[in-house]
2 protein chains.
Amino acid sequence: MAFAIMREEGVEKVTMRRLANELDTGPASIYVYVQNTAELHGALLDELLFGLVLPAEGADAQWRERLIELLESYTSLLFRYPSLARSVLTLRPSGANYLRLIETVLQLLQVGGVTGRRAAWGVDLLLQHATAMAAEQGTRSEEGDLDDGPQLQVMAIREADAEGYPGIDQVRDELFSGTGEQRMRWAFDAIIEGVAAVEPAA
Amino acid sequence: MAFAIMREEGVEKVTMRRLANELDTGPASIYVYVQNTAELHGALLDELLFGLVLPAEGADAQWRERLIELLESYTSLLFRYPSLARSVLTLRPSGANYLRLIETVLQLLQVGGVTGRRAAWGVDLLLQHATAMAAEQGTRSEEGDLDDGPQLQVMAIREADAEGYPGIDQVRDELFSGTGEQRMRWAFDAIIEGVAAVEPAA
DNA sequence: ACCTGAACACCGTTCAAGT
DNA sequence: ACCTGAACACCGTTCAAGT
């Protein structure tokens with residue numbers, strides 16, 4: 001039921017009240033099954049993750065490519081549900097399918113020689129970045145790109161004068177360069193690089 | 001007015017209706033000054049950023065330390081207003097003070113020899129991470145840490161069996177190790193490392 | 001014991017009408 | 001021209017009361 005609404009109208013419509021209505025009862029009844037809205041969203045995420053394609057086995061040398069692909073799949077899955085991404089960001093999901101995702105990321109990191117604390121803290125960082133990107137980017141396309149007028153930030157940056165903002169001036173065009181996909185790929189690549197390279201201080 | 005509410009009761013209370021009420025008028029009146037809630041939050045962020053302490057000038061060799069400090073200041077400023085952080089994540093702020101923050105981060109990166117596309121895309125990645133962390137971590141302390149019961153995710157990970165989840169098993173304790181501050185520092189360090197090292201594909 | 005109607009305390013946004 | 005009362009269309013959560 002919840003999934004039908006989610007598919008057809010987006011997660012943002014899966015509210016306690018809406019769900020209750022669909023089930024011909026009052027909102028109080030939903031509270032018999034979940035504690036609060038966060039828990040409801042957690043359940044929806046895990047259902048969605050059931051459809052996440054985990055990377056096929058492959059040569060160990062390609063761990064990094066496979067990891068990036070996995071993170072991209074996860075991100076694009078959340079992209080379709082920006083408001084779910086926004087709740088997931090503050091959720092610490094605990095469902096079986098999310099656990100599987102953590103496990104797979106960890107295994108790929110370990111194959112790549114990233115172990116111990118760097119791997120443990122790295123999973124967190126990578127999954128958090130994926131979620132944040134979906135929460136961020138997703139909303140922008142959800143709302144109309146047209147009626148906002150040309151994005152205010154873009155305008156402000158384009159107009160920042162070279163004397164007051166020399167740093168911006170030097171990379172002005174690069175700030176808006178690349179497709180979303182290129183930037184996403186690079187971001188994952190850079191984070192993985194850093195996670196692999198930087199040993200946390202003891 | 002808005003800032004008084006923000007200081008005393010949190011940004012989440014600075015709603016169109018609440019603000020209107022405080023000004024002894026109806027909610028419609030606020031729409032004369034801002035287009036929507038997102039714009040209202042954008043204005044609040046910029047006001048807050050006015051108080052952000054930019055790093056003092058220093059030896060070029062310390063650019064990295066100074067960058068991390070700046071990002072930590074920004075994060076802890078947002079930490080105090082988790083729900084603002086959540087809107088900022090989907091906001092692309094455009095206020096003067098936010099522009100100043102972008103400029104400062106860019107300058108520090110450039111001092112460190114990170115230029116062009118890596119610097120441009122790097123600012124985005126670093127500021128987005130700061131915001132996401134505040135949005136994420138902040139909420140957890142906003143709600144009671146006690147009544148949720150012990151965090152569900154922590155429980156699920158502690159109980160993941162070693163056969164089904166060998167990756168998790170190998171770093172089980174590290175997944176929860178470190179203080180928030182240590183993990184934040186490491187995350188910024190790792191991202192900066194990656195941003196500096198990974199050249200985007202042409 | 002299990003479920004829920006109805007209420008409480010809110011939201012954002014719009015628009016016709018008033019000054 | 002500028003502002004706003006009142007309405008529309010919603011929210012999450014609780015609790016007394018019903019089956």
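So you know, we letter chains A, B, ... as the sequences are listed, proteins then strands, and number each from 1.
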Tell me whether B:Q182 contacts the main-chain N or O of B:T179 through its side chain, where contact means a donor paired with an acceptor under 3.5 Å.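 Here the side-chain-to-backbone pair exists.
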Please answer whether the main-chain N or O of A:L108 pairs with a side-chain N or O of A:R64 as donor and acceptor at a distance below 3.5 Å.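 Side chain of A:R64 to backbone of A:L108, a donor-acceptor pair under 3.5 Å: no, none is there.
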Integer-rounded Å distance: [N] [atom2] and [X] [atom1]:
| X | N | atom1 | atom2 | result |
| --- | --- | --- | --- | --- |
| B:E39 | C:dG12 | CD | P | 14 Å |
| A:I30 | C:dC2 | CD1 | P | 17 Å |
| A:R18 | D:dG12 | CZ | P | 12 Å |
| B:L23 | D:dC2 | CG | P | 19 Å |
| A:N36 | D:dT14 | CG | C1' | 13 Å |
| A:R17 | D:dT14 | CZ | P | 13 Å |
| B:L19 | D:dC3 | CG | P | 15 Å |
| A:E12 | D:dA9 | CD | C1' | 16 Å |

Which base sits across from C:dG18 as a Watson-Crick or G-U pair, both distances under 3.5 Å?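 With both distances under 3.5 Å, C:dG18 matches D:dC2.
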Could you let me know what D:dC8 is paired to, Watson-Crick or G-U wobble, both distances under 3.5 Å, or none if it's on its own?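 By the stated definition (distances under 3.5 Å), C:dG12 pairs with D:dC8.
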Listed nucleotide nearest any side-chain atom of [X], set [options]:
| X | options | result |
| --- | --- | --- |
| A:M16 | D:dT4, D:dT13, D:dC11 | D:dT13 |
| A:Y31 | C:dC11, D:dT13, D:dT4 | D:dT13 |
| A:A28 | C:dC15, C:dA6, D:dT13 | C:dA6 |

With nearest nucleotide decided by heavy atoms, which residue, A:P27 or A:Y33, maps closer to the 5′ end of DNA chain C?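 This one resolves to A:Y33.
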Mind listing the closest non-hydrogen atom pair of B:L175 and B:R183 along with its distance?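 Heavy atoms of B:L175 and B:R183 come nearest at O-NH1, 3.1 Å.
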Decide yes or no for B:L126 and B:L67: does some side-chain heavy atom of the first lie under 4.5 Å from some side-chain heavy atom of the second?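 The answer is yes, as the side chains (C-beta and beyond) meet within the 4.5 Å cut-off.
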